[in-house]
Amino acid sequence: MAGQLIVFEGIEGAGKTTQLQRAAAWLRSQVAVPVLTTREPGGTLLGQELRHLLLKVRDTDEIAPRSELLLYASDRAQHVEQYLKPNLAQGAIILCDRYTDSTLAYQGYGRQLDLELIRQLNAIATGGLTPNLTFWLDLDPEIGLQRITERGAPNRLEQEALDFHQRVRAGYMALAQNHPQRIIHLDAIAAADDLEREIRAILQTRLSEKLCESFPKKLSKN
Ligand code: T5A
C-alpha cells in the first residue's frame with residue numbers, strides 16, 4: 001500500500017523539528033511500517049549542498065529571490081524523486097520538516113514572488129505529490145526569532161527583518177484557510193509536552209482512519 005507523507009510547517013523557531021522527532025519516536029512504537037524523518041532543504045546528498053548554499057550568511061553576492069526560489073525547487077525535485085516517492089511506494093510513514101507550503105509562505109508571501117508561478121513550480125518539483133497531513137506550528141515571529149537567537153548564530157533566512165517573518169506567518173494563515181482539511185493549526189506557544197500530546201491525538205485519529213487495517217500493531221490510545 002502507499003505510505004503517508006506528514007509535513008511540519010511554520011516560521012523559524014516554531015518547534016517543528018522538536019515535534020517531528022517526538023512524533024517519529026512515538027509512531028515507531030505504534031506501527032509496524034517504517035517511520036522515516038527528513039527535511040527540506042537537505043533531504044538528499046545534492047540537497048545538503050543546496051542547503052549549504054541557501055542558508056549560509058553571505059557578505060556579498062546576495063541570492064536573487066527568483067534564484068532562491070529555483071534552488072528550493074531543485075532541492076525538492078531531487079528529494080521527491082530520490083527519497084519521498086520510493087519510500088512512500090514501500091508503505092513508509094514519512095515525517096518531513098517543511099515542504100511546498102514553505103515555498104509559498106517564504107518565497108510567495110515573504111519575498112512577494114508570484115503565487116501562481118510558485119504553485120506551478122511546486123507542481124513540477126513534486127510531480128503532484130501532496131502531503132496527506134500538515135501540522136502548522138503557528139507562533140509570533142518575535143518569539144520564534146528569540147528562541148533561535150538563544151540557540152546560536154542565525155542563518156541567512158533567520159537574519160531577515162521582522163516584517164519578512166510576519167508576512168511568512170500571514171502566508172501560512174492564508175494557506176491554512178485554503179486547505180482546512182489538510183493543514184492543522186497548532187498554537188506553538190504551548191509547552192512542548194502539550195503540543196506533543198495534541199499531535200499524537202491527531203495522528204491517532206488520522207492514521208487510524210486510513211491505516212489501521214494494514215497494521216499488525218494497533219495504534220494505542222496514549
Ligand atoms: N525555506 C525552506 C524557504 O525559504 N523556502 C522553502 O521552500 C523551504 C523548504 C530552512 C530555511 O529555509 C527556508 C525556511 C528556513 O528559513 P532550517 O534551519 O531548516 O532552515 O529552519 P527551520 O526549519 O525554521 O528550523 P529551526 O530549527 O530554526 O526551527 P524549528 O524546527 O521550528 O524549531 P526547533 O524545534 O528546532 O526549536 C527551536 C528552539 O526552540 C525550542 C527548542 O528547544 C529550540 O531551542 N523550543 C521550544 N521552546 C519553548 N516552547 C516550545 N514549545 C518549544 N519547542 C521548541
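Numbering of ligands and ligand atoms starts at 1, following listing order. The residues of the chain are indexed from 1 along the displayed sequence.
- No heavy atom of Arg156 sits closer than 4.0 Å to any atom of ligand 1.
- Here the shortest heavy-atom distance to atom 53 (C) of ligand 1, taken over Gln107, Arg147, Glu40, Lys16, belongs to Arg147.
- Side chain of Glu158 to backbone of Asn155: a donor-acceptor contact under 3.5 angstrom is found.
- Using a 4.0 Å cut-off to heavy atoms of Glu158, the atoms of ligand 1 that qualify are 28 (O).
- Looking from atom 3 (C) of ligand 1 to the surrounding protein, the closest heavy atom is Tyr72 CZ, 3.2 Å.
- Of the protein's heavy atoms, at least one falls inside 4.0 Å of atom 11 (C) of ligand 1.
- For atom 18 (O) of ligand 1, the nearest protein heavy atom (residue, atom name, distance) is Arg51 NH2, 3.0 Å.
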**Message:** Evaluate Arg182 against Thr130 for side-chain hydrogen bond (donor to acceptor under 3.5 Å, both in side chains), listing each step before the verdict.
**Reply:** CA-CA 10 Å; Arg182 173 175 65 83; Thr130 52; over 6 Å; no
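- Of the possible polar contacts, none joining the Lys16 side chain to the Cys96 backbone as a donor-acceptor pair under 3.5 Å is found.
- Only side-chain heavy atoms of Arg151 come within less than 4.0 Å of ligand 1; its backbone N, CA, C and O stay farther off.
- At a heavy-atom distance under 4.0 Å, only side-chain atoms of Asn155, from C-beta outward, approach ligand 1.
- Annotation: Gly15 places an N or O atom under 3.5 Å from an N or O atom of ligand 1; distance criterion only.
- Ligand 1 has an N or O atom lying under 3.5 Å from an N or O atom of Ala190, backbone or side chain.
- Distance screen at 4.0 Å: atom 28 (O) of ligand 1 has a protein heavy-atom neighbour inside the cut-off.
- Per-residue contacts place Thr18 under 4.0 angstrom from the following atoms of ligand 1 (heavy atoms of the residue considered): 34 (P), 35 (O), 37 (O), 55 (C).
- Looking at Arg76 against ligand 1, only its side chain comes within 4.0 Å, counting heavy atoms.
- Considering only non-hydrogen protein atoms, atom 31 (O) of ligand 1 sits nearest to Thr17 OG1, 2.5 Å.
- Glu12 OE1, 3.9 Å is the protein heavy atom nearest to atom 21 (O) of ligand 1.
- Every atom of ligand 1 is numbered from 1 in the order shown, and the set under 4.0 Å from a heavy atom of Ala14 is 32 (O).
- With a 4.0 Å cut-off on non-hydrogen atoms, Ile148 touches ligand 1 through its side chain and not its backbone.
- Gln19 contributes a side-chain N or O that, together with a main-chain N or O of Glu196, makes up a donor-acceptor pair within less than 3.5 Å.
- No donor-acceptor pair under 3.5 Å is formed between the side chain of Asn132 and the backbone N or O of Ile6.
- No donor-acceptor distance shorter than 3.5 angstrom exists from the side chain of Glu160 to the backbone of His165, with no hydrogens or angles considered.
- Ligand 1 has no nitrogen or oxygen under 3.5 angstrom from a nitrogen or oxygen of Leu55.
- No donor-acceptor pair closer than 3.5 Å links the side chain of Arg98 to the backbone N or O of Glu40.
- Nearest protein neighbour of atom 7 (O) of ligand 1, counting heavy atoms only, is Thr103 OG1, 2.7 Å.
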If you look only at distance, which donor and acceptor atoms sit under 3.5 Å apart when one is on a side chain in residues 64-73 and the other is two or more places apart or in another chain?
unit_1 : atom_1 : unit_2 : atom_2 : d
Glu68  : OE1    : Gln107 : NE2    : 2.7
Glu68  : OE1    : Arg111 : NE     : 2.9
Glu68  : OE2    : Arg111 : NH2    : 2.9
Glu68  : OE2    : Arg156 : NH1    : 3.2
Glu68  : OE2    : Arg156 : NH2    : 2.8

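- Within the structure, no pair that satisfies the ring-ring contact (aromatic ring centres under 6.0 Å, His included) test touches residues 48-67, not counting sequence neighbours.
- Checked against a 3.5 angstrom limit, the closest N/O atoms of Tyr106 and ligand 1 fall outside it.
- Between Phe135 and the options Phe8, Tyr172, Tyr99, a ring-ring contact (aromatic ring centres under 6.0 Å, His included) holds for only Phe8.
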**Residues Arg197, Asp193; criterion salt bridge (charged side-chain N to carboxylate O under 4.0 Å, His left out); working and verdict** = CA-CA 6 Å; Arg197 270 193 291 276; Asp193 287 352; 5.6 Å; no
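- Residue contacts with ligand 1 for Gln19 are absent, since no atom lies close enough (heavy atoms, distance under 4.0 Å).
- A side-chain donor-acceptor contact under 3.5 Å links Arg28 to the backbone of Val35.
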**Message:** Before you tell me yes or no, could you show the steps for Glu150 and Gln146 under side-chain hydrogen bond (donor to acceptor under 3.5 Å, both in side chains), namely the whole-Å CA-CA distance, both residues' side-chain angles and the distance that decides it to 0.1 Å?
**Reply:** CA-CA 6 Å; Glu150 283 164 12; Gln146 181 63 34; 3.1 Å; yes
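- Among protein heavy atoms, atom 22 (P) of ligand 1 sits closest to Arg98 NH2, 3.6 Å.
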